[in-house]
Amino acid sequence: MAEKSKILIIGATGCIGKYVVEASAKVGHPTFAFVRESTLNFNPVEAKLVDHFKSIGVTILHGDLYCHESLVNAIKQVDVVISTLGAMELADQVFIITAIKEVVNIKRFFPSEFGMDVDKVNAVEPIKSMFAEKAQIRRAIEAEGIPYTYVSCDSFVSFLLPTLVYLEPGATAPPRDKILILGDGNVKAVFNEERDIATYTIKAVDDPRTLNKTLYIKPPKNTLSFNELVAMWEKMIGKTVEKIYIPEKQILKDIKTSPVPINILLALNHTTFVKGDQTSFEIDPLFRVEASELYPDVKYTTVEEYLGRFV
Ligand SMILES: *[C@@H]1O[C@H](CO)[C@@H](O)[C@H](O)[C@H]1NC(C)=O
Ligand SMILES: *[C@@H]1O[C@H](CO)[C@@H](O)[C@H](O)[C@H]1NC(C)=O
């Protein structure tokens with residue numbers, strides 16, 4: 001077997017980044033985390049995370065997305081770059097693209113995706129523009145001729161399932177009396193655990209089958225409609241709950257009248273649970289592959305196992 005690629009993670013202390021760093025180190029990739037020095041001085045949680053990275057053998061490279069030289073120096077040391085930058089920095093990934101072009105020999109770039117397939121969505125604002133930024137980065141990568149993989153993992157379980165999507169302030173488990181259901185509850189969405197998303201991402205790094213493709217993470221057991229989720233929950237708690245369906249018209253109105261960031265979450269919920277944008281298309285094998293099919297050896301956490309923790 002060929003040697004494992006050296007991997008740089010940019011956005012390493014972020015909500016998916018930290019899992020990608022762990023997954024990479026765990027299977028023995030020489031792993032490099034790109035970290036802003038100021039992060040360590042001002043954020044004790046991130047400073048602790050960086051200590052944890054060091055303890056599992058990760059090399060910390062200090063730098064800044066907005067300092068070209070530091071980016072180039074970091075990228076020079078690796079074969080593969082994975083960006084897990086957050087929403088505010090998506091558009092600025094053009095700086096990574098410029099640096100990768102300068103370094104030349106990068107085997108693969110994973111831009112920050114880790115959500116829905118932005119070429120397939122029917123989202124409304126304000127999510128529409130955010131998705132457009134990700135799509136622009138895809139087009140820039142393709143135009144520059146950089147080898148890539150786009151990881152499309154749909155929803156993170158920890159954002160949605162602990163409260164079955166509707167977040168009551170202070171809630172730590174799904175409701176047992178009444179549940180609000182977006183739309184008619186029949187379109188299917190996909191829910192994945194962050195650790196599994198990271199595991200699949202790292203598996204794709206040296207896999208020629210994922211080169212220049214979108215890697216979908218859509219395990220069949222984690223692809224469920226809202227109604228199916230609620231039925232699963234009812235069975236677990238041995239009780240039926242009252243279901244209140246919120247029509248699309250109401251949701252669209254709420255998006256328009258809600259402040260940031262509520263409107264963003266509402267618009268995300270709309271594309272996921274009303275439009276069904278995570279499951280409304282076929283996977284074209286020429287450009288796309290599915291992770292649970294490629295890597296049947298990964299024992300991913302199912303929605304049922306995850307929900308079961310809250311009974
Ligand atoms: C992947 O894309 C890069 C950049 O466009 C290209 O050089 C390479 O030949 C492509 N590889 C495959 C297997 O499609
Ligand atoms: C929308 O989704 C978010 C998670 O992305 C969830 O926390 C929130 O409660 C949902 N809100 C509504 C009003 O549907």
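Order of appearance sets the numbers: ligands from 1, and atoms from 1 within every ligand.
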Exercise. Please state which protein non-hydrogen atom is closest to atom 12 (C) of ligand 1 and give its distance, to 0.1 Å?
Worked result: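 Checked against all protein heavy atoms, atom 12 (C) of ligand 1 sits closest to Asn212 ND2, 3.2 Å.
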Exercise. Nearest protein heavy atom to atom 13 (C) of ligand 1, by residue and atom, and its distance?
Worked result: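 Residue, atom and distance for the closest contact: Leu211 CD2, 3.7 Å.
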For this session: Using a distance threshold of 4.0 Å (strictly less than), state whether atom 9 (O) of ligand 1 has a protein heavy-atom neighbour.
Result: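 So far as the 4.0 Å threshold goes, atom 9 (O) of ligand 1 is out of reach of every protein heavy atom.
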Exercise. Distance-only, no hydrogens or angles: does the Glu113 side chain make a donor-acceptor pair with backbone N or O of Gly115 under 3.5 Å?
Worked result: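 Between the backbone of Gly115 and the side chain of Glu113 there is no qualifying donor-acceptor contact (under 3.5 Å).
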Problem set entry | Check: Tyr66 ring centre within less than 6.0 Å of Phe95 ring centre |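 Yes.
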Exercise. Which atoms of ligand 1 are found less than 4.0 Å from any heavy atom of Gly145?
Worked result: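 Checking each atom against Gly145, I get 4 (C), 5 (O).
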For this session: Please test Glu125 against Ser129 for side chain to side chain donor-acceptor pair (under 3.5 Å), starting from the C-alpha separation and ending with a verdict.
Result: CA-CA 6 Å; Glu125 292 295 358; Ser129 315; 2.6 Å; yes
Problem set entry | Shortest non-hydrogen separation from Gln278 to Ser155 and the atoms involved |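 Heavy atoms only, the tightest pair is NE2-OG, 3.0 Å.
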